[in-house]
Protein chains: 2
Amino acid sequence: MESNIKDVARLANVSISTVSRVMNMPEKVAIETRVKVQEAMKELNYTPNALARGLIYKRTKSLGVLIPDISNMFYSEMLHGMEHAAQRHHYNLILCNTDNNKARMLESLNMLKEKQIDGLVFTSEPVYPDYYEVFKKLQIPIVLAATHSLEFDIPSVKVNDEQASFDAAECLIKHGHRRIGMICGSITDNVTAMPRLQGFLRALRVHDLETDVDSQVQFGGYKFEDGYEAMGQLLRKFPDITAVFASSDERALGAISYLHEHGKSVPEDISVIGFDNLRLAQMSIPKLTTVGQPLYQIGYLAVEKLDHLIQNEHVGELRTYVRHELVERQSVARR
Amino acid sequence: MESNIKDVARLANVSISTVSRVMNMPEKVAIETRVKVQEAMKELNYTPNALARGLIYKRTKSLGVLIPDISNMFYSEMLHGMEHAAQRHHYNLILCNTDNNKARMLESLNMLKEKQIDGLVFTSEPVYPDYYEVFKKLQIPIVLAATHSLEFDIPSVKVNDEQASFDAAECLIKHGHRRIGMICGSITDNVTAMPRLQGFLRALRVHDLETDVDSQVQFGGYKFEDGYEAMGQLLRKFPDITAVFASSDERALGAISYLHEHGKSVPEDISVIGFDNLRLAQMSIPKLTTVGQPLYQIGYLAVEKLDHLIQNEHVGELRTYVRHELVERQSVARR
DNA sequence: ATGAAAGCGCTAACAT
DNA sequence: ATGTTAGCGCTTTCAT
């Protein structure tokens, strides 16, 4: 039942080249033959085979996307943007969940290369030197989304984390807070967690507040549970705290949950500011004040940048930094 | 720099069939030639071309996934399950976001067919007769995830919505509630919204409570904002309500938000039970009591079922119903 | 305006 | 154990 170009040619009484022509340069074929061929196509329910085409054109209009955890809202919002950009530029997205697992990532990369993807979007993780080696071997355009590399020249789209964190901390300070804690990502992550820490500390310094990382900062994972845990530890180290900067919305919600369970109300007793502005930031009680990054846009732009690379047009800037935005809701109060 | 089987053959001083053999049946080639070929592959950084293979095998090890909105946690959790099953069975997932837009869906389906996917996962939307026509033309195995069709014989994986809703309502009733409202999906959706409504009503009837759809049920979208709106309307129609069944977690959170803003506390004044058990159900204050559906598992099983179909093994049951689970947290109180 | 034939990178008979 | 060749479905010269 699967029909191919030959079947169409036979039914329409023309050669396969004519069929090919009506698909790719219809104006070059006589109107009546064209119609005849189109009717044959319809009758046979013909669909061209992209594998055969890809073999010839040496491009597939498929992009690979490597994501650590799709069930995380952070990534799914970015992915949404990527998908829309992909549709717009007639690409398909092949999705690979890496679970932050290197072996799995290498495996995925291999599959993607075999499938002859035209380009790759790599998200969030830092580009370690061995990753870079793999990328080079891939021989295809790559764009980093929500991450970047200062060591290597790989195009990227992300927010300025240092400045965004600075703004978060300053928001707290401007609301009159002086004893401010931070719930931060892993110390080993110097593409996201460290710049955020630095931005936080810079704001404190600029406003003549003391900084003591040991007592003010709690490191940990980015999840709700991690935020919950971290809030507990922070409170123990730094009991008279009046505000907390949690550098992801999930962490912030975890922190709020901890505070709630321990009889502190937000923002009356303690203010909390988050980072990301995921959709859930509007769903919490109190609604979360946070520094928003335009995740959808990051995904969208990453794919468009990739498209430019593939088309060999001007790539524009190597590292694109998109604007963050302070979204003031209810979790930060004046003191 | 892109090397192919010919390059490898030349470098290893063998024919291309020998190279092909070391890839597909290495035991059939002399150990020393094999090593020679493998070295050549490594040196040339050779990767087989899946397009060429697919052309011959007539299967691509790619699956299409149609999803209305990936940035929705509901879908991203399912997608996560699908992706893991896909990895396990050596498939790639080609992701298409349909935005609930029919034209876009048809376009995606067309692209997917051209790319010769081995199978398709279709999520959530009801299968309208015209969709079914399109599916038939596709000529490939299809599995429905979190939806099903009683009209057409298409394999599916989902929860028993009627019973799940029954359990939700009964939970409320067993906590002593008698004046219970429901926030429901669209009346036109008879694959999900209607069964849930029926389950709700059945529970009321079984427990000898009056049922009056007009005053007790508010229809609307599945989002947070919709839940917020609906809660307002419901309260106006049915002021002395003591409990609400919101048939999605997002709606439930919206309802809670409305109640909170209007001076009613949950669960002291009004109890709320949700549906889905998304990760955010644990993040709210109060933590949400809800009827959980195993979304990850639904995705996982859908892909495995698709694999069975593709392998032409026994499909097992046509319609698989997975277990839901009542997750009691803090948003429902005894009365 | 249309057709014949080569070739994209690979596998699978069929030789040897 | 290895090589030769046809062909998967298509595009693209090159003829006519």
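Everything numeric in this text was worked out from a predicted model, so none of it was measured. Only heavy atoms go into these numbers, but all of them, side chains included; no hydrogens, no water, no symmetry mates.
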### Task
Please state whether the phosphate of C:dG3, meaning OP1 or OP2, lies under 4.0 angstrom from any side-chain nitrogen or oxygen of A:Ser17.
no
### Nearest-neighbour nucleotide for the A:Ser15 side chain, C:dG7, C:dG9, C:dG3 considered
C:dG3
### Message
Less than 4.0 angstrom between a side-chain N/O of A:Arg53 and OP1 or OP2 of D:dC10, yes or no?
### Response
no
### Query
CZ of B:Arg59 versus P of C:dC10: gap in Å, rounded?
16 Å
### Query
With distance as the sole test, does A:Thr33 use its side chain to make a donor-acceptor pair with the main-chain N or O of A:Val29 at under 3.5 Å?
no
#### Entry: OP1 or OP2 of D:dG9 under 4.0 Å from side-chain N/O of B:Lys58
yes
### A:Tyr46 side chain near D:dC10 phosphate (N/O to OP1/OP2, under 4.0 Å)
yes
### Query
Which nucleotide sits closest to the side chain of A:Ala52: D:dC10, C:dC10, D:dT2?
D:dC10
### Message
Whether the A:Ser62 and B:Lys115 side chains hold a donor-acceptor pair (N or O, under 3.5 Å, no angle test) is what I'd like checked.
### Response
yes
### Query
Among C:dC10, D:dC10, D:dG3, which nucleotide sits nearest the side chain of B:Arg21?
D:dG3
### Message
Using a heavy-atom cut-off of 4.0 Å across all strands, would you classify A:Val14 as base, sugar-phosphate, or nothing?
### Response
sugar-phosphate
### Query
Where each residue is assigned the nucleotide of DNA chain D containing its nearest heavy atom, which of A:Thr47 and B:Lys28 is assigned the position nearer the 5′ end?
B:Lys28
### Task
Classify the nucleic acid contact of B:Met25 as base, sugar-phosphate or nothing, counting any heavy atom under 4.0 Å across all strands shown.
nothing
### Query
If we ignore angles and hydrogens, is there a donor and acceptor under 3.5 Å between the side chains of B:His80 and A:Ser71?
yes
### Message
In this structure, how many angstroms lie between the C1' atom of D:dA1 and the NZ atom of B:Lys36, rounded?
### Response
12 Å
### Task
Indicate, with a heavy-atom threshold strictly under 4.0 Å, whether B:Leu51 touches base, sugar-phosphate, or nothing.
nothing
### Task
Take atom CE of B:Met23 and atom C1' of C:dT11, then tell me their distance rounded to the nearest Å.
9 Å
#### Entry: Exercise: do A:Asp69 and A:Tyr75 side chains pair donor with acceptor under 3.5 Å
no
### Query
For B:Thr33 and D:dT2, is the shortest distance between a side-chain N/O and OP1 or OP2 below 4.0 Å?
yes
### Message
Let me spell it out: for each of A:Ile56 and B:Ile16, pick the nucleotide of DNA chain D with the closest heavy atom. Which residue's pick is nearer the 5' end?
### Response
B:Ile16
### Enclosure of A:Glu133 CD (heavy-atom neighbours >12, cutoff 6.0 Å)
yes
### Summary
From CD1 of B:Ile31 across to C1' of D:dT2 the rounded distance in Å is 16 Å
### Query
Atom NZ of B:Lys6 to atom C1' of C:dT11: distance rounded to whole Å?
15 Å
### Query
D:dT4 C1' sits how many Å from B:Ile5 CD1, rounded?
14 Å
### Query
Over how many whole Å does the gap from B:Lys115 atom NZ to D:dG9 atom P extend?
19 Å
### Message
Could you check whether A:Arg59 makes a cation-pi contact with A:Tyr57, meaning its NZ or CZ is under 6.0 Å from the centre of the six-membered ring and within 45° of the ring axis?
### Response
yes
### Message
Strictly below 4.0 Å: does A:Ser20 bring a side-chain N or O up to OP1 or OP2 of D:dC10?
### Response
no
### Task
Rounded off to whole Å, could you give me the OH-to-P distance for the A:Tyr57 and C:dC8 pair?
16 Å
### Summary
Picking from C:dC8, D:dT2, C:dT2, the nucleotide nearest the side-chain atoms of A:Leu55 would be C:dC8
#### Entry: Distance test, side-chain N/O of B:Asn49 to OP1/OP2 of C:dG9, below 4.0 Å
no
